[in-house]
Amino acid sequence: MRRNILNIVFIIVFMFVSVALAACGGKSEGGASPADTAAEQEAGEPSNEADASNAVESEAAAEPADPLGKYAETVTVNEVLGFGPPEDPKTPKDITPETNGFVKDLRDMLNIEIKYMWTVPSSQFEQKFSLAVASGDLPDVMTVDMRQFEKFADQGILADLTVAYEKYASPALREYMESDGGFAMKAMTKDGKLLGIPGFQDPFLSTQILWIRTDWLKQLNLEPPKTMDDVEKIAEAFVKNDPDQDGKDDTYGLALNKELFFWGFDARGFFNGFGSYPKSWIKDAEGKLVAGEIQSETKQALAKLQSWYANGILDPEFALKDSDKTVEDIVAGKVGISYGEWWYPNWPLNLNREKEPNAEWKPYVIPGVDGPGKSLVPSLRLSRITAAHKDFAHPEAAIKMLNFYIEMDGNREYKEKTKAENGYVYNWFEPRIYNPDEFETTYRVVNEALNAGQETIEQDGPNAKGIADVFEAGKKVLDGTGTIKDWGLYYSRGAKDGGWGLTRQIRDSGDVVRDEFYGTPTDTMVKHGAQLEKMMNETFTEIIMGASVDKFDEYVKSWKALGGDQITKEVNEWYEANAVKP
Amino acid sequence: MNGRTYRMNRLKLESPLHLMLVPGVVLTLIYHYGPMFGVVMAFQNFEPLLGFVYSEWIGFENFRYVFHMPDFIDVMWNTLVISVFKIIFGLAVPLMLALLLNEIMKDRFKRLVQTSIFLPFFLSWTVLGGVVLEIFSLKGPINALLSAVGIDPVMFMGSNAWFPAILVGTDVWKGMGYNMIIFLAAMTAINPSLYEAAEVDGAGRWKQMLHITLPGMAPMIILLCTLSIGNVLNAGFEQILILYNPTVYESGDVIDTFVYRLGIFSQQYAPAAAVGLFKSAISLILVSVSYYLAYRYSNYRIF
């Protein structure tokens, strides 16, 4: 019996830990059910100082004001903070969130005084914040995730930042916001009111591309693939014609692992090539959102994979391998084709090149049935949203604080000053925001400098160090002195024919398919998602390994009956009500 | 000396022992009993951000929800089949090994065998999982052996027929050393004069085993049986999580892996807790019943 008690205890402790971990990670895709009656009832009592925001609005008709203008009278901003130990060990021991250099500078430069209503270790933040929400005790300026944002927006407790943004946003902040054509900002806009400033990343970072061992192509006199048939021919040759010339039958065609739709070394790009987009919501001919996994294109892709499995192009045991094992195969030179994203050269292709210095890898646009295929791209890669409470008299202070952070973070003149040993702890400062276009900026600046034949790079602004690193790596790779580490860095981020180099071409061409759903998981998704996903993995794997392709039709029927139809309905309701439409 | 002073004296005498017990009791209370209050979330619409105190109470809704999931019957069935076989072989194999080892006269050889059988017990499934996958893979030694005698290779880890057998087999292999040691210990407790008497009466090795060794070990065998009945719903979470894959969900998905996917992947903490609680309730009943039976029929008490 003791063993059983141990088991409950284990499960419970496990859950505590995972909850805590989820809380630490500042999750962007909260999963728990959204019922939160206490919060809805109590939050958002109007207070008396509400008129102040009108005052701001009336001045607002005026031309843009100084993004970093100093207030004549001190403005107090109530905040809450979850904080961990400073990342840099050189940080002086006596620094507290109140004496953080950024907080002091904010006071000196803008006359904004941050007052912490409470500070807790970041592991307790989510819970403490939720309790604060439940008791209606919200800060003036806050950083929230998508789930909280949706909830607060529904409750009407967020300030309209439209005017404040128009008037005070610095050129840098505007550039960030416009980098995706304003999509993320529109997603934060409800009834014409901008309720939050989104901190997001370029969604094209998840564009699928096809990585191929080009030294093997050369060895076997093959051309890079344009269509799915080309891929098939190449893969077949990689299996049968001994591309590594070691006289052993030890290679296979396409790298896959047991998770068909994972974050790498998987089949996402392959399915996308057939116009099939499992685990996403795409628009059908009538403009409704439909689940990618149940479309007929998915059946075609499965049939093709099945024939590849039968012909020995796939590892017969791919369904038993986790991604680590598949990566081992790539590193060991057992496989030369893998669908994935821009970052492969930085890991694990560099490891393969360390073992086989002659190995060459290049990315290609994913081939479709006849011509280039269209990769799936999410609508939004959102991490943090900055919002202000509607009763806060100076919503523009939120914008000014963001301006301030970008200025401090990027400007070279502050680089020396904001070092950790001077008492600056960046992750104790809220709100923060980062350049969504960091990769594109890096690419552009590095290539400009390399084309101009510059010896050094004098980049100012956020991520200057990252840019300089890529530049250095690129310079060395190009003059032939680069190490494999340099190659990895340069071919993922800097090279024109590298990971990001190809991804940005795809981005510019616009030949992609969007995952239209970016909301929080719907009720039925939470309830039945795990089961539907298990059914999908089971059926798809069975079909690939030889079960009748018609099993797919059965699967679609069960999917619909076991909650899929309901989820589709909810997703479309969400789309009608909330989604940003072009 | 009256009873009271006797008790006082005893308390005085044993108080250092009780003191030594305190840290263990405190740790048990904190780490084993404290978290048990978490079972309340099985009856709540639990939201991590709100915690136990603020989450809404929904009675048995979580249980109803889980029991009505279409997978639940299959998962339950898999759990029972795998764990029943594990229990049977997990007792029978060590018992046989112990009986055989007992017959070995050479002490050094006996110890060597004993240790090597015990060794896998100390390795974790994370390590052994890789070994098992490698051994049963298409290019592994088993398939090499099969092809040497002209049999087509079998994908053991991807076959619903083989997978449960491999689970049982490897689990028995890993755990057999432990029960074997317990059985061996039980054998040493048998009075040697019984064997001498039997020999005088003309009993051979076989008869001695049948009439002295086995009856002498009966309490221990019953004890281990009783204890393992409580484990009927534990089919071995770690092992299965490491070894299974989508092709063998049909035969290898058990309650624990089901709860894991429910709780961790779908973040449905409350239904996951409900399943855990259900499992423990069943185990509690089974253990109580088997304890009672053991007491009733062989007059053996564990506690």
Side-chain angles (χ1 to χ4, degrees), chain A residues 1-16 18-20 22-23 30-39 126-127 129-131 133-134 148 258-260 316-317 319-322 325 521 525-531 533-542 545 558 562, chain B residues 31-39 41 45-51 54 56 65 69-71 133 137-139 153 155 157-158 227 230-231 233-234 237 243 245-247 249-250 253 256 259-273 275-277 279-280 283-284 287-288 291:
Chain A
M1 197 190 92
R2 184 136 44 93
R3 193 100 58 94
N4 285 289
I5 292 175
L6 278 173
N7 266 327
I8 320 184
V9 170
F10 170 74
I11 289 175
I12 290 163
V13 169
F14 195 43
M15 280 172 188
F16 273 120
S18 48
V19 169
S33 84
D36 182 1
T37 36
E126 292 248 354
Q127 181 149 10
F129 188 58
S130 300
L131 288 179
V133 172
Q148 291 160 338
K258 66 178 169 185
E259 310 252 9
L260 289 170
E317 290 183 298
L320 315 183
K321 287 185 161 171
D322 58 20
K325 285 247 175 216
M525 268 188 203
V526 171
K527 250 184 149 179
H528 295 298
Q531 187 194 335
E533 186 158 337
K534 174 185 166 186
M535 197 167 74
M536 177 183 77
N537 288 333
E538 213 173 348
T539 315
F540 287 12
T541 312
E542 274 173 18
M545 293 177 73
S558 320
L562 294 174
Chain B
Y31 290 108
H32 292 176
Y33 283 78
M36 262 198 271
F37 292 107
V39 297
M41 83 177 148
N45 180 8
F46 180 71
E47 186 158 2
L49 299 181
L50 294 177
Y54 295 91
E56 178 197 1
Y65 163 61
M69 285 178 91
D71 285 352
L133 284 172
S137 85
L138 281 179
K139 290 181 184 124
M155 197 191 293
M157 304 310 286
L227 287 178
N231 270 330
L233 293 184
N234 288 333
F237 170 66
L243 294 179
N245 61 67
T247 48
Y249 276 170
E250 194 184 316
D253 198 14
D256 288 328
V259 169
Y260 171 77
R261 286 201 310 271
L262 207 61
I264 302 305
F265 281 147
S266 326
Q267 292 168 358
Q268 289 181 277
Y269 304 113
V275 181
L277 184 60
K279 230 182 85 174
S280 304
S283 300
L284 181 65
V287 172
S288 312
Y291 176 59

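The model shown is predicted, which means the values in this text are computed figures rather than measured ones. The figures that follow rest on heavy atoms only: side chains count, while hydrogens, waters and symmetry mates do not.
- For the pair Asp256(B) (side chain) and Val259(B) (backbone), a donor-acceptor distance under 3.5 Å is absent.
- Residues Pro521(A) and Val526(A) come closest through the heavy atom pair CB-CG2, 4.1 Å.
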Before you tell me yes or no, could you show the steps for Lys279(B) and Asn234(B) under side-chain hydrogen bond (donor to acceptor under 3.5 Å, both in side chains), namely the whole-Å CA-CA distance, both residues' side-chain angles and the distance that decides it to 0.1 Å? CA-CA 9 Å; Lys279(B) 230 182 85 174; Asn234(B) 288 333; 2.7 Å; yes
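- In terms of heavy atoms, Thr247(B) sits closest to Met157(B) at OG1-O, 4.4 Å.
- Contact count versus chain B (heavy atoms, under 4.5 Å) is highest, among Met535(A), Lys534(A), Lys258(A), for Lys534(A).
- Contacts of Ser137(B) with chain A are made by both backbone and side-chain atoms, with heavy-atom separations under 4.5 Å.
- For chain A, the option among Pro246(B), Ser288(B), Gly34(B), Gly158(B) with the highest count of heavy-atom pairs below 4.5 Å is Pro246(B).
- In this structure, the portion of Met155(B) lying under 4.5 Å from any heavy atom of chain A is its side chain and not its backbone.
- Heavy-atom distances place no part of Leu260(A) under 4.5 Å from chain B, backbone and side chain included.
- Between Arg261(B) and Tyr249(B), the shortest heavy-atom distance links the atoms NH1-CE2, 4.2 Å.
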